[in-house]
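Please read all numbers here as calculations on a predicted model, not as lab measurements. Just so it is clear, the values below take in all heavy atoms, side chains as well, and ignore hydrogens, waters and symmetry mates.
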Amino acid sequence: MKPLRNPAVRLLASRSLRAHRKAWAAVFAAVLVTSTLLGALALAVGSAGLGHARVERYAAAPVVVAGDQEVSWRTKPWGSEPRTVTAGLTERVRVPGAAVDVLRAVPGVRAAVPDHLFVVRAPGTPTYPGRSWDAAQLAPYRLTGGRAPRAADEAVMGAAAGARLGDTVAGRKVVGIADGPAALYVTAAEARRLAGHPGAVDAVGVLAESGVPVDTLHARVRAALDRAGLKDTASGQPLRAFTGDGRGAAEHLAAPPARTELLQLLAAVSGTVVLIAALVLASLVGQALQQRSAERELLLSVGATPRQIRASAGREVTRVAGLAALAGAVVAVPVFHGLWSALRGRTGIVPDGLELPAPAWLFAATLVAAAVVVGITRLVVLFAARRPGRPGKGHGRRVTGIVLLLLGVAAAITATAQSGDAAGAAAGAATVTLVSGCAVLGPWIAAAAMKILDRPFRRLGGAPGRLTAAAANAHSRRLGAALVPVVLVTSFALVQLSAGMTMERAAATQARAATTADLALSGTTAEQARKLPGVRTATDVLRSTVVLARSEAGDPRLDRLPVLGVDAAGLAGTLDPGVVSGDLAGLAAPGTVAVGKDRAESLDVRPGSTVELRLGDGVEKRLRVVAVYERSLALGEFLLPKGELAPHMSDPYPARVLASTGQGPADSSVAPEQVSMPGAELNGIVSAAIVAAIGGLTLLSVLSTLALIGAGRRGELQLLGQVGASAGQLRRMLGLEAGFLTGAGLIVGAVVAALPLTAVAWSVTGGLPYLPLPVGGLIAGAVAVTVVAGVFLPTSRARRGV
């Protein structure tokens, strides 16, 4: 027979596709879900990449001059070129007041309007943002009634506040109503006083004369600032001149850091999804082609070349995967919108000022994701559509699997020596590597498990048990292919759910132990709280962030960490960080800090050492360590004196006040004091959505793989019926197989998950991983139901014919 030519290959692929359409249905479903998930993630990454802070207060100002809200660190890692890393700042970096006069003298500038921001607090009234009425023209917000304020006790209110002319708000008479959001506007002099930072302004809005282009104005402003040599009032960096969407960065300080965190999270999740998708698709496509080994052998025996066989299989895969991937690309659009709606629907998850645009051209990213999925399936064909070797052989595959397992164990051991994100990254790498090793060694793992159960099955299972054992020994590859997705879904679900719950439980336990106050107050200060009847001591609790420069595996990093500012004299009876060395009384002195135990060990510091931190506005401080404490999961990794922290905060008002009456243990109504890591809530909701999606994908892979295997066993089951096996015996045989797959998959998956989970839990919490029994039961139940459905449903017709 002559070698098959391309027309014959196309015909063979078309006929084979129709003949095996039930087998390809499982692959179609997996590709569709994978393409949907990757397409939605591609849209999310693209939208976050295009994200920017919304321009509101400065919409009418073509140029806005503000401080640099990023801090940078340049260092030279060993053996490489110098590198610079940056991190966003969450506290306001202010502009020297002299910049206003410099900008007013720039040719083409009609007005340079300083903006002083403050927060209006008064008993019995809501909290409002405050500004000078002069700065309202930068939006512009205009009067809809009344007049502008002329005295310190007069104000204009934004229409959204619902105030009326003549009302009194925060001790000021409302003399005007302006359009726009709820805000309080006062005279320029009063705004400077209330802002509380003489000689500095929060930003300067530059208005252009008629006919001056934005680019020209920006160039002139930039040149004037450079000539004047003006620097910000915090870290001494050159001032920034923003135009376009960049102006929003001067308004919404939390938006740029949140965008960066969202991008990093989505990128990490996308990498995990690609790896899991590759494992799932490799298992399904490989099994679909493996079941046709007899056909391939026949074609090879009559003159077809391996290349032609691969080409035929590639055409089949491309048709199936191409159609499924395109369908997934369409479904990805509403999934993406659902994820973004979930983020927007949870207050505080994504800052209100963060715009996440999705222009029409961005939706082409779903097609790119679909092409990636099709490429993965085509790549699998190169390895799966080859002449099969004899069962039980494959020394190279065995060595590869063992190497992957050893690398996974090494990554888990490495995680025990890390902390925070580094430990999580090492644990994630360990999980993926261990699961990959199990996938490669699937037939041998299944054979080893059956060796343990072979005798019990044969002795106690009767005829169905002997049939199960015989089938398992004869088809270890098939059994291994069925076992791999069960291991994958078990280990993935355990790692993702247990890791977060372990951290949350440890942090909550520490928070309850750390909060010893009788009272928790808001809208006041510790000084005012101490005047209340029965209050013996009180401390302000200020919340801010610091930036820590460090090296990780030789690479420079800037970590933004949450911190608390406290009163050293008011800690007794209100807050107990669990001091292990030193004395928190030392926080009464300026230039001091207390450090969490794990962070102190990583920085190799102790009481008397110094730590260099960049405070929330970028100011570098060398602080003397006065104490080391153990409850850092709840309270953050640094405690600072409030007097050290407050001058570097946009709003130095206490988040709350903890007070003690000295009447015994803390009241259960007092919520434990606990800080949140930057991006923790964002991480939580995105991770929950992705865990659900990937969990669904892996459960689908279990069902699809078993359905594919079951479809290929119909002839085997019919033959067993013809030689005397009853329908009941076949049901019991399949039940034993389902029980074996469920039990072995759960055990191996739990072992795979236990290594990285234990490593992370030990390095971060000093304990063992935690998972509530109901959650573990839910995982086991979902796996069991899926396996039973995958084993029984595809073979129901064959069993009915027995």
Side-chain angles (χ1 to χ4, degrees), residues 26 30 279-280 282-284 286-288 290-291 391 434-435 437-458 460-461 464-494 695 697-714 716-717 720 729-753 776-796 798-799:
L279 287 174
V280 169
S283 177
L284 279 173
Q287 183 61 30
Q290 183 67 30
Q291 290 184 177
L434 289 169
V435 170
C438 290
V440 174
L441 296 175
W444 290 279
I445 293 174
M450 275 308 303
K451 282 184 179 179
I452 299 174
L453 297 175
D454 183 81
R455 184 169 295 180
F457 273 15
R458 291 181 185 276
L460 305 177
R466 291 191 293 273
L467 287 174
T468 302
N473 290 328
H475 300 285
S476 61
R477 287 184 179 273
R478 183 178 71 189
L479 198 62
L483 188 62
V484 167
V486 181
V487 173
L488 174 61
V489 68
T490 302
S491 59
F492 175 79
L494 287 175
L697 172 62
T698 49
L699 283 175
L700 174 64
S701 75
V702 173
L703 186 62
S704 300
T705 301
L706 294 175
L708 186 60
I709 292 173
R713 297 183 63 187
R714 288 171 182 166
E716 174 189 330
L717 296 176
L720 288 173
Q729 289 175 326
L730 292 181
R731 282 195 299 270
R732 288 193 293 274
M733 180 192 77
L734 293 175
L736 288 173
E737 288 188 10
F740 166 76
L741 289 173
T742 301
L746 289 173
I747 291 172
V748 176
V751 171
V752 168
L778 180 62
I779 295 173
V783 170
V785 169
T786 306
V787 170
V788 170
V791 168
F792 278 91
L793 292 180
T795 59
S796 58
R799 287 184 285 108

Say you draw a straight line from OG1 of Thr490 to CG of Leu699; how long is it, rounded to the nearest 0.5 Å?
8.5 Å

Between the CD1 atom in Ile445 and the CG atom in Leu483, the distance rounded to the nearest 0.5 Å is 6.5 Å

If you compare all heavy atoms of [X] against all heavy atoms of [Y], which two are closest, and at what distance to 0.1 Å?
X: Ala30; Y: Val280; answer: CB-CG1, 4.4 Å
X: Ile779; Y: Ala493; answer: CD1-CB, 3.9 Å
X: Val486; Y: Gly745; answer: CG1-CA, 3.6 Å
X: Ala753; Y: Ser491; answer: CB-O, 3.9 Å

Thr742 side chain to Gly739 backbone, donor-acceptor under 3.5 Å:
no

State, yes or no, whether a side-chain contact exists between Val484 and Cys438 at a heavy-atom distance under 4.5 Å.
no

Min side-chain heavy-atom separation Val752-Val435 under 4.5 Å:
yes

Could you point out which residue of Ile747, Val748, Leu746 forms a side chain to side chain contact (heavy atoms under 4.5 Å, CB included) with Val487?
Val748

